[in-house]
Structure formats: C-alpha cells, structure tokens
Colleague: 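One structure, pasted below without further comment.
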Amino acid sequence: MTKDKRTHYCGNLDISHNGQEVVLMGWAHRRRDHGGVIFVDLRDREGLVQVVFNPDAGENVHSEAHKIRSEYVLAVKGKVRIRPDGMNNTALKTGEIEVVVSDLEIMNESKTPPFSFDDEDISENIRLKYRYLDLRRPMIQKNLFLRSRLAAATRRYFEENGFIEVETPFLGKSTPEGARDYLVPSRIYKGMFYALPQSPQLFKQLLMVSGFDRYYQIAKCFRDEDLRADRQPEFTQIDVEMSFVTEEDIMSMMEGLLKSIFKVCLGKDLSLPLPRLTYAEAINRYGKDNPDVRFGMEIVDITPIVKNSGFKLFTEVAASGGVIKAIKAEQASALSRKDLDSLKDFVAIYGAKGLAWAKINANDWTSPIFKFFKPEEVENIGKKMNAKEGDIIFFVADTPKIVSESLGNLRLNLAKKLNMIDANMLAFTWITEFPLMEFSETEKRFVSTHHPFTSPVLKDLPLMITDPGKVRAKAYDLVLNGSEIGGGSIRIHNKDVQSQVFSALRISDEDAKLKFGFLLDALEYGAPPHGGLAFGLDRLTMIITKAESIRDVIAFPKTQKAACLMTDAPNKVSIEQLMELSLKIV
RNA sequence: GGGGUCGUAGUUAAGUUGGUUAUAACGCCGGCCUGUCACGCCGGAGGGCGUGGGUUCAAGUCCCAUCGGCCCCGCCA
C-alpha cells in the first residue's frame with residue numbers, strides 16, 4: 001500500500017469507473033460501523049465516495065478499519081462497483097457506486113475536530129481559530145476554487161490583450177490623503193518608516209510614463225481602517241492602467257474582462273455595454289453612489305408639493321434649504337405598525353430626525369401626518385408617487401445629504417424585508433461624472449472624491465477656483481448589485497493641471513513636492529495621457545459565490561478588530577527587536 | 001470614537017418573576033450489530049455558565065467593569 005500512488009479523486013468517480021481498481025487518499029468524513037460491514041465516506045477536495053470494508057477483505061484490513069475515526073487520513077485500494085439494487089444514494093454525486101476495499105493504510109490519525117464540517121452555523125471565533133479545519137469544509141473550498149478561476153480568467157484576458165503584469169513594491173512611501181497607512185519601521189534609517197501600499201496607484205502611473213502602455217497586476221493592498229462585512233485590512237485588487245486612452249476605451253476594455261470572468265465563473269453571458277448612470281442621477285434616484293438597481297422603489301422629490309402645506313415640519317425644512325423626499329413600498333401590508341415605528345430608529349443611524357409614513361387606503365391615508373394635509377395635497381402626493389391602495393409611502397425631510405442617505409438605505413432595508421431582491425440577478429451600473437472633490441466638514445477643506453491624480457473634465461477647469469465642488473472628474477465606478485466592485489479614472493498627465501488640483505485641495509507646492517515630487521517630476525518627462533481602473537477581487541468573488549462575508553472568500557482573514565485568531569497576530573515583540581528599530585512603546 | 005447584538009458541556013442551543021445535585025440534541029468513549037449513508041440499539045463520561053468585582057440568605061439569571069465574536073455609524077483618496 002505504501003508504494004501505491006493515488007489514481008483518482010474520490011469525488012470524481014462514477015459509473016464509468018465500474019470494475020476498475022483505484023487507489024484513493026483522503027479523510028474519513030463519516031463512518032458507519034455495522035460490526036460486520038463497515039462503510040466510510042472518504043472525502044477529498046473533489047467530494048465524497050463511499051468505501052466498503054467487508055469482513056472477507058482480510059482480517060488485517062477489517063480490524064484496521066474498526067480503528068477509523070473522524071478525519072483520519074486514509075489510503076485505500078479497491079474496486080469500483082455499481083451499488084447493489086436499491087442502495088443508491090441520490091444525495092451523493094458518487095451515490096451510484098462504491099469502492100470495495102482490498103487494502104487500507106491509516107496514514108495519520110486525527111484528534112476529534114472541534115466542530116462538525118456539516119454544521120453550517122458554527123460561531124466564527126471557533127472557525128477562525130481552527131481556520132485550517134474550517135477550510136476543509138466544501139462550501140469554503142468551493143469559494144477558493146472559484147476565486148482561483150476568477151484570477152486565472154483575469155490573467156488570461158489581460159495577456160491576450162497585450163497587458164504586462166508588473167509587480168510593484170510593498171515597502172513604499174507614506175503619503176497624505178486617503179486611508180490610514182500600515183507602517184513598517186526602517187532598521188537602517190532610525191525613526192523612519194515605510195508604508196504598505198493602499199494601492200499601486202502611483203507606480204502604475206509611472207509605468208505609463210515608462211512606456212509599458214498596458215499594465216495589470218493582481219495586487220495586495222493595505223488600509224488601516226475599521227472593518228466591515230466587505231472590508232479587510234489587506235485585500236486584493238485587479239489593478240489596470242492604459243496609455244493613450246479615453247474613459248470609453250477603459251470602460252469597454254473592462255467590460256470585456258467582466259464578460260470573460262462571468263463566462264468562466266458562472267457560465268453567464270453579459271450583454272454589453274453595461275448600463276450607466278451619472279453620479280447626480282444615482283444620488284437623486286437611489287440616494288447612493290452605489291445603487292442596487294435590481295429593484296425599483298426610486299426616491300421621489302416632493303418638496304414642491306409640500307413646501308407650502310399645512311405641515312409645519314415640512315415647510316420649515318423646505319424654507320431652510322432642506323428637501324422632502326419619499327419612497328413607496330408597494331403592497332407592503334407585511335409591515336406592521338410596530339415595524340413602521342421601528343424604522344424611525346433605522347433612519348436615525350443616518351442622521352434623519354424622523355420618518356413619516358402613510359399607508360394608502362381607498363380614500364385616505366392611515367398616517368400620523370394625514371391630518372396636516374389638505375385633500376388636494378394628499379392627492380398630489382399620491383399622484384406624484386403613483387401610489388395605489390395598500391402601498392406605504394415613507395417621507396424624510398432634512399438636508400439633501402441626510403435625506404439621500406436615509407432614504408437610500410431605507411430603500412435597501414425595505415427591499416430585503418419585503419423580499420424584493422432577486423438573488424440570481426446581476427445588475428451592473430457604471431457611475432460616471434463624479435465630482436472631482438467634496439468639501440470635508442471635518443477637515444474644513446476640499447478633498448478628492450477619488451484621488452488627487454484624477455483628471456477633471458477639462459471644460460470644468462475654470463470652476464476650480466470659483467466653485468470647486470462643481471468640477472466633474474473623468475472618473476467612473478462600477479457597481480454590481482449595490483456593491484462598488486471597482487473604480488478608476490483618467491489621470492492628470494499635465495503638470496499645470498496637477499498643480500491646480502493640488503492648490504484646490506490646499507496642498508502646498510512645497511508639500512506636494514515633498515510627498516509626490518517623484519510623480520510631478522515624471523509628469524515633466526513626456527507622460528502620455530493615461531488612465532485605469534481597479535476591481536476589488538474579493539468583492540467580485542463574494543458576489544459570484546453569494547458569500548455574505550468577505551471572510552468567506554479569503555483563506556486566512558482577520559476579525560473585525562483586525563486580529564488573526566489562528567496565529568494570534570498582531571503580537572508583542574521583544575525589547576531587542578524594538579531596540580534594533582529604535583522604537584519605544586508609549 | 002460611537003450604537004447594537006451575542007458569549008452556558010467538544011459543537012449548537014434551552015434555562016420562567018434570582019431558589020435543591022445546570023437541561024437537550026449532535027459529537028465523544030465502551031459494548032452489540034454484515035448494507036448503512038444524519039446507520040441502529042444499550043450503557044457512560046463531560047461544563048459550573050467569557051473574565052473580575054459587587055448586590056443578596058441565595059446569581060447563567062440583577063448591577064458595574066473588562067475581554068472576545070458579529071453587524072452598523074464615523075472612517076475607508
């Protein structure tokens with residue numbers, strides 16, 4: 001047995017192997033010991049197959065088989081045969097056959113695993129502590145296999161289209177703007193630090209200056225920010241940059257990539273080009289720049305109808321520059337009075353001070369605010385909302401930002417509650433014409449919406465001084481099912497334009513030179529027009545595998561507090577290590 | 001930085017208004033069993049309730065603090 005080589009994967013055997021002698025190696029998934037005959041479900045990465053130990057296989061084999069426990073590592077030699085009549089297991093891919101064992105080797109024993117691999121709801125701290133066992137589960141293995149195929153399809157597509165993969169450094173320079181950097185102390189330069197890249201942004205632009213023309217990389221990126229269900233401190237981007245291109249060129253090249261990926265991973269044919277929305281339109285209709293367009297329930301502005309109504313709260317908001325908007329949940333009788341009231345707490349998360357609702361009846365509303373409106377106002381709202389009996393309308397009155405965020409998120413919340421989302425749908429949307437910068441209340445200055453190297457729409461340049469918030473960017477995001485899966489832009493390749501942008505962002509010449517001097521220098525040596533995009537590989541994989549957490553598509557993820565429960569990273573280091581780096585813990 | 005939620009045998013959970021030796025299922029261990037596939041039957045072991053304080057005659061049950069998992073807001077160019 002020790003000299004035998006594996007001939008097949010367990011999960012790949014079928015009727016066509018009937019009569020063949022095979023050698024299998026894998027884990028004992030489950031055993032059913034009848035005293036006489038013993039069945040073991042042998043598992044490897046391809047699946048399960050039932051192996052049978054008959055007493056007449058020989059005394060050694062049979063007594064050895066009695067010792068088998070969960071997750072023992074086995075090598076078996078035996079003959080594939082079609083199962084006896086009526087013994088098929090239709091729940092099993094290999095359920096029509098079984099392997100009658102003639103030789104067995106227990107290659108390794110196993111402690112009893114801390115959890116069952118069949119159980120779906122094991123607490124995540126246990127799963128993450130024993131991640132190597134968690135990764136034995138078929139569900140997670142399936143996700144990682146798919147992730148690998150996605151990456152392979154990506155590389156194939158770019159290689160076929162003349163792109164070159166270039167690796168960029170992990171140890172780089174800390175730059176202002178953007179996310180918090182992960183820092184790495186330098187031993188040689190006391191008191192100085194490298195930063196792990198938030199993305200290879202500047203390097204890929206420099207590669208365009210170098211003349212590579214088409215670059216891609218499947219790159220790890222690091223951001224020291226708080227985590228979410230779809231955010232990890234280290235994540236993977238499909239990073240792309242091209243020279244001598246317009247937004248249209250980049251978007252259509254990327255649509256081609258997605259078409260290949262979805263063909264390879266899901267066997268689906270995307271129809272191109274993908275739909276587009278401008279940023280302004282997305283905010284107006286959906287309240288978010290990453291709208292989920294798998295369902296309707298669009299936001300409607302009713303400010304003009306109610307600004308002079310008898311409802312003081314609405315008129316006051318309108319008078320002070322706010323807006324009143326509404327969404328309509330169709331036939332929402334599933335929502336109880338209690339549900340309606342508790343949604344107030346939900347929109348409060350986004351800063352809304354209240355949430356009004358109205359249940360539409362044949363001739364009136366069931367609503368706490370019904371009494372404030374004249375009959376024609378009620379009618380006009382109903383018309384504007386196209387409301388029918390049984391619908392429920394939700395109103396938020398506040399600043400435009402708070403109204404958009406509250407209703408945008410309420411819309412999603414209601415769609416989930418009312419089961420309005422088709423989980424099998426793929427709804428892509430490009431979001432275009434982003435503002436180049438937005439005013440940051442915390443920093444009291446304009447900050448880049450994307451990054452400071454994004455090209456403005458050139459005809460908007462004069463606004464840079466008069467009204468910076470109105471300048472549009474040559475930037476685009478791609479949204480899939482309400483998740484931002486990628487984004488990019490045409491970059492600035494002209495030093496004067498770059499200076500103008502820096503100055504609008506209140507980054508001084510001196511500071512710019514200090515932080516990005518190398519880029520500014522490079523722009524003076526014949527930088528071609530260029531632009532690119534990056535996709536979040538983890539998020540793409542999440543959507544394709546229908547994973548609810550980014551942790552389910554990453555082999556060794558961190559917890560929400562950015563720790564690894566398996567290795568116990570981060571950890572303390574010795575005083576000697578600190579001294580070598582001239583570091584002191586404060 | 002903030003809000004919410006959870007933490008009880010290996011695992012998943014139940015534990016009433018605080019009240020004798022803390023339940024169940026699965027798993028585990030032993031025995032029996034030649035066709036099961038969540039095998040079956042009989043028997044058994046296993047935790048003191050995340051941790052530390054406090055209230056009380058009495059604390060998984062109440063209070064405070066603390067640690068950890070998850071979700072969200074802020075943050076994420």
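Below, chains carry the letters A, B, ... as their sequence lines are ordered, and counting in each starts from 1. Nothing here was measured: the structure is a model prediction, and the numbers come from that model. Keep in mind that the numbers below use all heavy atoms, side chains included, and drop hydrogens, waters and symmetry copies.
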Colleague: Let's test this: given Watson-Crick or G-U wobble pairing with both distances under 3.5 Å, identify the partner of B:G43.
Modeller: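 Pair assignment: B:G43 / B:C29.
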Colleague: Between A:Lys288 and A:Glu405 (salt bridge meaning N to carboxylate O under 4.0 Å), is one present in this structure?
Modeller: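 No, A:Lys288 and A:Glu405 are not salt-bridged.
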Colleague: Say whether, by atom type as modelled, one donor and one acceptor occur between the side chain of A:Asp181 and the main chain of A:Leu183 under 3.5 angstrom.
Modeller: no
Colleague: Starting at the 5' end of RNA chain B, which residue's closest nucleotide do you reach first, A:Arg223 or A:Ile126?
Modeller: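 Between the two, 5'-proximity favours A:Ile126.
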Colleague: So, the side chain of A:Arg231 versus the backbone of A:Asp226: is there a donor-acceptor pair under 3.5 Å, distance only?
Modeller: yes
Colleague: What is the distance, to the nearest angstrom, from the CG atom on A:Asp345 to the C1' atom on B:C72?
Modeller: 14 Å
Colleague: Would you indicate what A:Arg445 reaches in the nucleic acid, counting non-hydrogen atoms under 4.0 angstrom: base, sugar-phosphate, or nothing?
Modeller: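 A:Arg445: no heavy atom of the nucleic acid under 4.0 Å.
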Colleague: Closer than 4.0 angstrom, basic N to acidic O: yes or no for A:Arg32 and A:Asp41?
Modeller: yes
Colleague: Rounded to whole angstroms, how far apart are CD1 on A:Ile97 and C1' on B:G35?
Modeller: 16 Å
Colleague: Strictly distance-based, threshold 3.5 Å: is any side-chain N or O of A:Arg539 a donor or acceptor partner for the main-chain N or O of A:Glu484?
Modeller: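 Side chain of A:Arg539 to backbone of A:Glu484: a pair is present.
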Colleague: Pick one for B:G10: is it syn, with its angle within 90° of 0, or anti?
Modeller: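 B:G10: anti glycosidic orientation.
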Colleague: Using atom types as modelled and distance alone, determine if a side-chain donor or acceptor of A:Arg411 lies under 3.5 Å from a backbone N or O of A:Asp292.
Modeller: yes
Colleague: Base, sugar-phosphate or nothing for A:Thr112? Non-hydrogen atoms, less than 4.0 Å.
Modeller: sugar-phosphate
Colleague: Should A:Glu64 and A:Lys67 count as an ion pair when the cut-off is N to O under 4.0 Å?
Modeller: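 Between A:Lys67 and A:Glu64 there is a salt bridge, with a charged N closer than 4.0 Å to a carboxylate O.
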Colleague: For the pair made of NZ in A:Lys67 and P in B:G30, what is the distance, rounded to whole Å?
Modeller: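 Value for this atom pair: 13 Å.
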Colleague: Identify whether any heavy atom of A:Phe453 sits under 4.0 Å from a base atom; if not, whether one sits that close to sugar-phosphate; answer base, sugar-phosphate or nothing.
Modeller: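 No contact.
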Colleague: The side chain of A:Pro55 is closest to which nucleotide in this list: B:G35, B:U34, B:C75?
Modeller: B:U34
Colleague: Would you kindly give the CZ-to-C1' distance between A:Arg69 and B:G10, to the nearest whole Å?
Modeller: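 Going from A:Arg69 (CZ) to B:G10 (C1'), I get 16 Å.
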Colleague: For nucleotides 68-71 of chain B, tabulate all protein N/O to nucleotide N/O atom pairs closer than 3.5 Å, reporting atom names and distance.
Modeller:
{"from": "B:G69", "atom 1": "OP1", "to": "A:Thr559", "atom 2": "OG1", "distance (Å)": "2.8"}
{"from": "B:C70", "atom 1": "OP1", "to": "A:Gln560", "atom 2": "N", "distance (Å)": "3.2"}
{"from": "B:C70", "atom 1": "OP2", "to": "A:Gln560", "atom 2": "N", "distance (Å)": "2.8"}
{"from": "B:C70", "atom 1": "O3'", "to": "A:Arg551", "atom 2": "NH2", "distance (Å)": "3.0"}
{"from": "B:C71", "atom 1": "OP1", "to": "A:Arg551", "atom 2": "NH1", "distance (Å)": "3.4"}
{"from": "B:C71", "atom 1": "OP1", "to": "A:Arg551", "atom 2": "NH2", "distance (Å)": "3.0"}
{"from": "B:C71", "atom 1": "N4", "to": "A:Gln560", "atom 2": "OE1", "distance (Å)": "3.3"}

Colleague: Taking the side chain as every heavy atom from C-beta outward, state whether A:Leu74 and A:Ile106 have any atom pair closer than 4.5 Å.
Modeller: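 Yes - at least one pair of side-chain heavy atoms lies under 4.5 Å apart.
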Colleague: For A:Ile122 and B:A13, what is the distance between atoms CD1 and C1' respectively, to the nearest whole Å?
Modeller: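 Rounding to the nearest Å, CD1 of A:Ile122 and C1' of B:A13 are 11 Å apart.
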Colleague: Which is it for B:G31, anti or syn, if anything within 90° of zero counts as syn?
Modeller: anti
Colleague: Below 4.0 angstrom, N of the basic side chain to O of the carboxylate: do A:Asp552 and A:Arg127 qualify?
Modeller: yes
Colleague: Please determine if A:Glu234 and A:Lys558 form a salt bridge, counting it only when a charged side-chain N lies under 4.0 Å from a carboxylate O.
Modeller: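 Counted as a salt bridge, because a side-chain N and a carboxylate O are separated by less than 4.0 Å.
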Colleague: Send over the distance from A:Lys416 NZ to B:C72 C1', rounded to a whole Å.
Modeller: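 Nearest whole value for this atom pair: 11 Å.
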Colleague: How is A:Glu98 classified with respect to the nucleic acid when contacts are heavy atoms under 4.0 Å: base, sugar-phosphate, or nothing?
Modeller: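 Contact class for A:Glu98: base.
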Colleague: Might you list the N or O atoms of the protein lying below 3.5 Å from N or O atoms in nucleotides 45-48 of chain B, with each pair's distance?
Modeller:
none

Colleague: Pick base, sugar-phosphate or nothing for A:Gln198, based on heavy-atom distances below 4.0 Å to the nucleic acid.
Modeller: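 Contact class for A:Gln198: none.
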Colleague: Please work out if A:Pro113 contacts a base, only the sugar-phosphate, or nothing of the nucleic acid, heavy-atom cut-off 4.0 Å.
Modeller: nothing
Colleague: In whole angstrom, give the distance that lies between atom CG of A:Asp181 and atom P of B:C75.
Modeller: 18 Å
Colleague: Are the ring centres of A:Tyr476 and A:Phe434 closer than 6.0 Å?
Modeller: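 No; A:Phe434 has its ring centre 6.0 Å or more from that of A:Tyr476.
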Colleague: Checking A:Tyr194 against A:Phe170 for the ring pair (Phe, Tyr, Trp, His ring centres under 6.0 Å) test, could you report, in this order, the C-alpha distance in whole Å, the side-chain angles of both residues, the deciding distance, and whether it holds?
Modeller: CA-CA 9 Å; A:Tyr194 301 97; A:Phe170 274 11; over 10 Å; no
Colleague: Nearest whole Å is fine: how far is B:G35 P from A:His62 NE2?
Modeller: 12 Å
Colleague: Under 3.5 Å between N/O atoms: give me all the protein pairs with nucleotides 37-40 of chain B, atom names plus distance.
Modeller:
{"from": "B:C37", "atom 1": "O4'", "to": "A:Arg32", "atom 2": "NE", "distance (Å)": "3.0"}
{"from": "B:C37", "atom 1": "O2'", "to": "A:Arg32", "atom 2": "NH1", "distance (Å)": "3.4"}
{"from": "B:C37", "atom 1": "O2", "to": "A:Gln50", "atom 2": "OE1", "distance (Å)": "3.4"}
{"from": "B:C37", "atom 1": "O2", "to": "A:Asn89", "atom 2": "ND2", "distance (Å)": "3.1"}
{"from": "B:C37", "atom 1": "N3", "to": "A:Arg83", "atom 2": "NH1", "distance (Å)": "2.6"}
{"from": "B:C37", "atom 1": "N4", "to": "A:Arg83", "atom 2": "NH1", "distance (Å)": "3.1"}
{"from": "B:C37", "atom 1": "N4", "to": "A:Met87", "atom 2": "O", "distance (Å)": "2.3"}
{"from": "B:C39", "atom 1": "OP2", "to": "A:Arg30", "atom 2": "NE", "distance (Å)": "3.4"}
{"from": "B:C39", "atom 1": "OP2", "to": "A:Arg32", "atom 2": "NH1", "distance (Å)": "3.2"}
{"from": "B:C39", "atom 1": "N4", "to": "A:Asp33", "atom 2": "O", "distance (Å)": "2.6"}

Colleague: For A:Leu436, does its backbone N or O pair with a side-chain atom of A:Arg472 as donor and acceptor, under 3.5 Å?
Modeller: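 Pair absent, no side-chain N/O of A:Arg472 close to backbone of A:Leu436.
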Colleague: Looking at B:U11 and A:Phe115: do their rings stack (centroid distance under 5.5 Å, interplanar angle under 30°)?
Modeller: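 Per 5.5 Å and 30° rule: no stacking.
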Colleague: With sugar-phosphate meaning primed atoms plus P, OP1 and OP2, does A:Asp226 contact a base, only sugar-phosphate, or nothing at under 4.0 Å between heavy atoms?
Modeller: base
Colleague: Once you apply a heavy-atom cut-off of 4.0 Å, does A:Thr449 come out as touching a base, just sugar-phosphate, or nothing?
Modeller: sugar-phosphate
